[in-house]
*Asks:* 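First the structure, then my questions, so here it is.
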Amino acid sequence: MSFTYRILAGSALVALLSAGSAGAETLDEAVTAALLSNPQLDQQRLQTDIARESVETARTGNRTTVNVSGSGGYEYSDSNSPLSFNNGDRPLLSAQVQATKPLYTGGRVGASVRQALAGVDAADARYDGARQDLVLQVITAYVDVRRDRETIDIRKNNVDVADEQVRAAQDRFDVGVITRTDVSLAKARLEGARAALAGAEAA
């Protein structure tokens with residue numbers, strides 16, 4: 001599957017999970033939404049429909065065809081003969097119907113039908129492959145987003161804990177229990193926790 005295809009699957013899922021109702025978003029809902037909205041899958045579905053239509057086109061080679069044609073007009077007749085009748089305008093109409101039925105095609109029609117059916121099988125296989133790959137991409141993105149959300153919650157908790165440790169260290173320093181170095185170390189741990197949180201949010 002192409003990189004663009006993966007980006008579409010992942011970005012669509014992230015958009016779904018980032019919406020206001022993300023808390024109610026389940027994996028089944030995410031997969032269903034991706035299957036209904038993915039343009040590459042729609043294109044592959046269209047190719048499958050075209051392949052099925054080609055089977056009917058191939059089968060028409062062994063069917064009866066009927067051609068109907070006609071013509072019409074007027075003829076003007078004028079004669080000085082005393083025995084002449086029907087002088088003047090008169091309509092002229094003609095029609096022709098022709099039916100053609102192939103009696104022997106040398107196996108051409110059967111081969112065309114088999115080829116078209118093979119094309120349908122190939123198109124179905126490509127569609128199934130694209131669908132399965134999309135589902136895999138959505139599941140992977142879904143799990144990654146859920147994992148990253150859990151990581152953010154953990155990092156936020158680490159920041160809160162480190163912040164409390166800084167305040168506690170400052171209080172102990174104020175009463176002379178610990179040194180300024182201990183306070184600096186607590187502040188460094190707090191900055192490290194904040195950096196880890198920023199990395200998790202970026203992910």
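By convention here, the first residue in the shown sequence is residue 1.
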*Asks:* What's the separation between atom CG in Asn158 and atom CZ in Arg189, rounded to the nearest 0.5 Å?
*Replies:*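 Going from the CG atom of Asn158 to the CZ atom of Arg189 covers 12.0 Å.
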*Asks:* Looking only at heavy atoms, which two atoms of Ala34 and Val138 are closest? And how far apart?
*Replies:* CB-CG2, 3.4 Å
*Asks:* Quick check on the hydrophobic clustering: are Leu190 and Phe173 connected, directly or via other members, by side-chain heavy-atom contacts under 4.5 Å?
*Replies:* no
*Asks:* Would the distance check show the side chain of Thr32 and the main-chain N or O of Glu29 forming a donor-acceptor pair, the cut-off being under 3.5 Å?
*Replies:*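 Such a contact is absent between Thr32 side chain and Glu29 backbone.
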*Asks:* For Leu197 and Lys156: C-alpha separation, side-chain torsions, deciding distance, then whether side chain to side chain contact (heavy atoms under 4.5 Å, CB included) applies.
*Replies:* CA-CA 6 Å; Leu197 173 60; Lys156 284 181 178 179; 3.6 Å; yes
*Asks:* Between Asp182 and Thr179 (side chain of the first, backbone of the second, donor and acceptor by atom type, cut-off under 3.5 Å), is there such a pair?
*Replies:* yes
*Asks:* Do Arg147 and Glu150 sit within salt-bridge range, that is, some charged N less than 4.0 Å from a carboxylate O?
*Replies:* no
*Asks:* Do Ile50 and Leu117 land in one hydrophobic cluster if side-chain heavy atoms of ILVMFWY residues count as linked below 4.5 Å?
*Replies:*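 Hydrophobic grouping puts Ile50 apart from Leu117.
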*Asks:* Of the non-hydrogen atoms in Ala33 and Ser37, which two are nearest, and what is the gap between them?
*Replies:* O-OG, 2.7 Å
*Asks:* Give a yes or no on whether a salt bridge exists between Arg167 and Asp171, defined as a side-chain N under 4.0 angstrom from a carboxylate O.
*Replies:* no
*Asks:* What is the distance from atom CD of Gln44 to atom CG of Asp49, rounded to the nearest 0.5 Å?
*Replies:*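 The CG atom of Asp49 is 10.5 Å from CD of Gln44, to the nearest 0.5 Å.
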*Asks:* Out of curiosity, does Val166 fall in the hydrophobic cluster containing Ile178 (side-chain heavy atoms, cut-off under 4.5 Å, transitive links)?
*Replies:*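 As far as the 4.5 Å side-chain criterion goes, Val166 and Ile178 are not connected within one cluster.
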*Asks:* When clusters are formed by joining ILVMFWY residues with side-chain heavy atoms under 4.5 Å apart, either directly or through shared neighbours, do Leu27 and Leu136 land in the same one?
*Replies:* no
*Asks:* Would you give the length of the straight line joining atom CD of Gln165 to atom CG of Asp163, rounded to the nearest 0.5 angstrom?
*Replies:* 9.5 Å
*Asks:* State yes or no: do Val183 and Val175 share one hydrophobic cluster built from I, L, V, M, F, W and Y residues joined by side-chain heavy-atom distances below 4.5 Å, directly or via other members?
*Replies:* yes
*Asks:* Which atom names give the shortest non-hydrogen contact between Ala123 and Ala51, and what distance separates them?
*Replies:* CB-CB, 4.0 Å
*Asks:* For the CG atom of Asp153 and the CG atom of Asp148, what is their distance to the nearest 0.5 Å?
*Replies:* 11.0 Å
*Asks:* When you look at CD of Gln115, are more than 12 heavy atoms from neighbouring residues, nucleotides or ligands closer to it than 6.0 Å?
*Replies:* no
*Asks:* CG/Asn38 to CG/Leu134 distance, rounded to the nearest 0.5 angstrom?
*Replies:* 4.5 Å
*Asks:* Should the pair Asp124-Arg52 be classified as a salt bridge under the 4.0 Å nitrogen-to-oxygen rule?
*Replies:*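 Salt bridge: yes.
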*Asks:* Taking everything shown except Gln43 itself, do over 12 heavy atoms lie less than 6.0 Å from its CD?
*Replies:* no
*Asks:* Which value, rounded to the nearest 0.5 Å, describes the distance between Ile139 atom CD1 and Asp144 atom CG?
*Replies:*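 Going from the CD1 atom of Ile139 to the CG atom of Asp144 covers 11.5 Å.
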*Asks:* Kindly determine whether Val120 and Thr48 satisfy side chain to side chain contact (heavy atoms under 4.5 Å, CB included), including the steps that lead there.
*Replies:* CA-CA 6 Å; Val120 171; Thr48 301; 5.5 Å; no
*Asks:* So, Asp128 and Arg131, do they make that salt bridge, N to O below 4.0 Å?
*Replies:*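 Answer for the salt bridge query: no.
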